S.K.: 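After the structure tokens below, expect a handful of questions from me.
Only a predicted model underlies this, so the values are computations on that prediction, with no experimental measurement involved. Excluded from the calculations below are hydrogen atoms, water molecules and symmetry mates; all remaining heavy atoms, backbone and side chain alike, are included. Note on naming: letters A, B, ... go to the chains in the order of the sequence lines (proteins, then strands), and numbering restarts at 1 for each one.
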Amino acid sequence: MASLTLVQAINLALIQEMEADDRVLILGEDVGKNGGVFRVTEGLHERFGAKRVVDTPLAESGIMGSAIGLAMGGLRPIPEIQFEGFMGPAYDQLTNHAARYRSRSRGSITIPMTVRVPVGGGIHAPELHSDSPEAIYAHTPGLKVVMPSSPYDAKGLLISAIRDPDPVVFFEPKRIYRSFREEVPEDEYTVPIGKAKIVEEGSDLTVVTWGASTVQCIEAMDSLPEDLSVELIDLRTIYPWDEETVVESVNKTGRCVIVHEAPKTAGFGAEVATVIQERCFLKLQAPVQRVAGFDTVMPYYKLELEYLPDAARIGKGILECAAY
Amino acid sequence: MPKRTAYTAKIEHYQILDENGELDTRLAKNTLTDEDVVFLYEQMSISRHYDEIAFKLQRSGRMGTYPQNKGQEAGPAAAGLVMKQRGSVDWIAPCYRENLALFLNGLPMESILLHWMGDERGNKIPDGVNILPMAIPIGTHPLHAVGLGWSAKYKEEDRVGVAFFGDGATSEGDVHEAMNFAGALKLPCVFFCQNNKWAISVPSSTQTASETFAQKGLAYGHHCVQVDGNDIFACYKIFKEAIDRARMEHKPTFIEALTYRLGDHTTADDARRYRDQAEVDEWAKKDPLIRTRKYLENKGLWDDDRQAQIEAKAKEIVSRVVKNAEGIEKPKTSDFFDDMFAVLPDELVRQRETMRTSVLGQRPQTETLAGQPQHA
């Protein structure tokens, strides 16, 4: 057991899966000698060689489309898109091809591919380096969407994603790449896709979140009144999401606040809130609240902390919901 | 040296069998045998009949939109034969005007009809067949051929990734990314561009300012060549060389095959709105079937009896294929759920089992909480 950052945990998962399965290869911009712009793939080029850690030309659609071909050819490609803001050029390949091949070929072609994408704001990055587009891909039938919030989960979820027979978009919240460490077992283990985690148990109100917002929620909970018992759920997987854990919790607490960085309108919180009203209707004691990014373009970094849900805003949302 | 020529290039054009059926015997050396030519002529004849029947099926309301292959059989026939002779090991990423290349390499003839009849089972690829489903968005699939060629190189298999596409597709960014990846990463790939002069209503002259489409591959380090796309000899020779270049040198080839779309873009199109009949008539004289038959007749390898035989055979084959395609049972609604993922998420199982999305329709009563009023 070692105390690792999220970056180190992902790096370890990549090494172990590449050692265990020679069908696994990494491709993307700067993933090779440079070890990735966030150093997620550091040391892999030296360890596995240029055949398995491939610096490609600078073209996101090319990376995604050729990874689809690699997957169809019997390999387990891990394409990296350097920032979520650059997924646009690869969108067509991901949604019209990777997501559809199994269905449109009636199961005769499958795409076992893990698309790694740094996501979200909070690191003073330039324009188009701080967005949270997870709902777009969760709304695309045929894709699985994962976003870990801790080093332990990151390693276990990434191993699950790489072994998954279907395409997985693996969002890595860059704000918590190095912000804290956690004990991560050296041995390989998996965290199942589609299973949420109850970060903290509680009985008065449920908070549902994912990704870097989980850390903001924990901070918010520290300053709440002691007699307010909050249950914090980290979805971990955005699609297919763990309805049962959320429904069970809200049926117990009767109140729910959903927190995410992405814009509020048609964000994934809307889906979670809808299922809560469908399945917890008679138990609800307050309207489900959303504390989310605003419906604006993500501001440049001077104002990004005002945009992102922080402990103060999350705390207010929780108190308002609790007082309703 | 303040000024020098940094790069020069030329594009060679190959024609071996001209439109009168005359063969350039020097260039034809080590290409098609007499048996091959007879075989390809027969296959093109069957494919042409299939195309005509598919058109009629659409016109009589028995099939949806269909893109005719008419006039473009030679390139897919010759390339298809090259791959067939290699044991059909190469990966084919087709557009939708290469039916014959697919049939020659193991795709059941029913599949294409089923696809256009609105049935995904037409895209189901039999085990051991290395062909992707037809790509409907233009120009996105060459990247898949590139990835497949890459996978073959990675696994040290003797396979090539082959992409077929049209002149219009060369305006799509993905085609250029595919060409660049193949060149820069030294991948065993062949790009076969059927320049049929029209992308629906837009002529190839509007598509590009390049003198040829073949030269587009030069910037990506490809071997580039233009062929008469209605000439099975030239297409065979150049495609075979391209496959070998991909296998031996991991160098991609970009082939521009000059041909002509004798039909409309699809059955939903009416080409009379935008192109002159005189142009069509001129190209009809260059039809690959006409020149191949002339060649065979000149060599004493073909006559009216054999023509009657192949026409009868084509009718018999295509009528059986149509019967099979139309006779298949309707797909089940569960089919469109079942292949979404290897293991379906719970919500998808509920949708499949109930054919409902409303939660009250999906979970009648069973989820009602004990002690709560019932809302039926």
S.K.: Could you tell me the separation between the CG atom of B:D174 and the NE2 atom of A:H97, rounded to the nearest 0.5 Å?
M.R.: 7.5 Å
S.K.: Rounded to the nearest 0.5 Å, what's the gap from CG on B:L132 to CE on A:M72? Could you check?
M.R.: 4.5 Å
S.K.: Is A:P57 in contact with chain B via its backbone, its side chain, both, or neither, using a 4.5 Å heavy-atom distance?
M.R.: both
S.K.: Between B:V146, B:N130, B:T140, which has the largest tally of heavy atom pairs under 4.5 Å with chain A?
M.R.: B:T140
S.K.: Does atom CD of A:E248 have more than 12 heavy-atom neighbours, drawn from other residues, nucleotides or ligands, at distances under 6.0 Å?
M.R.: no
S.K.: Among B:K155, B:R121, B:E157, B:H115, which residue has the highest count of heavy-atom pairs closer than 4.5 Å to chain A?
M.R.: B:K155
S.K.: Quick one: does B:E347's side chain get under 4.5 Å of A:P240's, heavy atoms only?
M.R.: no
S.K.: Which region of B:M134, side chain (C-beta onward) or backbone (N, CA, C, O), has a non-hydrogen atom less than 4.5 Å from a non-hydrogen atom of chain A, or is it both or neither?
M.R.: backbone
S.K.: Within residues 181-188 of chain B, which residues come under 4.5 Å of chain A, heavy atom to heavy atom?
M.R.: B:F181, B:A184, B:L185
S.K.: Which pair of heavy atoms, one from A:G142 and one from B:M340, lies closest together, and at what distance?
M.R.: N-CE, 3.3 Å
S.K.: Does a side chain donor of either A:S105 or B:N123 reach within less than 3.5 Å of an acceptor in the other side chain?
M.R.: no
S.K.: Can you tell me which portion of A:I63 sits under 4.5 Å from chain B's heavy atoms? Options are side chain, backbone, both or neither.
M.R.: both
S.K.: Mark yes when over 12 heavy atoms from residues, nucleotides or ligands other than B:K332 sit less than 6.0 Å from its NZ; otherwise mark no.
M.R.: no
S.K.: Is there a side-chain hydrogen bond (donor to acceptor under 3.5 Å, both in side chains) between A:R23 and B:Y154 once you walk through the steps?
M.R.: CA-CA 9 Å; A:R23 296 172 303 171; B:Y154 185 95; over 6 Å; no
S.K.: B:K124 side chain to A:G107 main-chain N or O, any donor-acceptor pair under 3.5 Å?
M.R.: no
S.K.: Measuring from A:W241:CH2 to B:D346:CG, what's the distance to the nearest 0.5 Å?
M.R.: 12.0 Å
S.K.: Can you give me the closest heavy-atom contact between B:S151 and A:G73, atom names plus distance?
M.R.: OG-CA, 3.3 Å
S.K.: Quick check on A:N96 against chain B: is it the side chain, the backbone, both or neither that has a heavy atom closer than 4.5 Å?
M.R.: neither
S.K.: Check each of B:E177, B:H176, B:E172 against A:S61 using the side chain to side chain contact (heavy atoms under 4.5 Å, CB included) test, and report the only one that passes.
M.R.: B:E177
S.K.: By a 4.5 Å heavy-atom criterion (distance strictly below it), what part of A:V54 contacts chain B: side chain, backbone, both, or neither?
M.R.: side chain
S.K.: Please classify the contact of A:E60 with chain B as side chain, backbone, both or neither, using a heavy-atom distance under 4.5 Å.
M.R.: backbone
S.K.: Is the closest basic N to carboxylate O distance between A:R100 and B:E120 below 4.0 Å?
M.R.: no
S.K.: Of the backbone (N, CA, C, O) and the side chain (C-beta and beyond), which part of A:A59 lies under 4.5 Å from a heavy atom of chain B, both, or neither?
M.R.: both
S.K.: Less than 4.5 Å apart, any side-chain heavy atom of A:S66 and any of B:W150?
M.R.: yes
S.K.: Would you say the side chain of A:Q93 lies within less than 4.5 Å of the side chain of B:H144, judging by non-hydrogen atoms?
M.R.: yes
S.K.: Could you look at A:D164 and say if it's the side chain, the backbone, both or neither that has a heavy atom under 4.5 Å from chain B?
M.R.: neither
S.K.: Report yes if the side chains of B:F341 and A:K144 come closer than 4.5 Å at any heavy-atom pair, otherwise no.
M.R.: yes
S.K.: Heavy-atom count around A:Y324 OH within 6.0 Å, excluding the residue itself: above 12?
M.R.: no
S.K.: Would you mind checking which part of A:I193 comes under 4.5 Å of any heavy atom in chain B, side chain (CB onward), backbone (N, CA, C, O), both or neither?
M.R.: neither
S.K.: Please rank B:P133, B:A93, B:P142, B:P345 by heavy-atom pairs under 4.5 Å with chain A and give me the top one.
M.R.: B:P133
S.K.: Looking at B:N180, B:D127, B:L143, which has the largest count of heavy-atom pairs under 4.5 Å with chain A?
M.R.: B:L143
S.K.: Side chains of A:R106 and B:F336: does their closest heavy-atom pair fall under 4.5 Å?
M.R.: yes
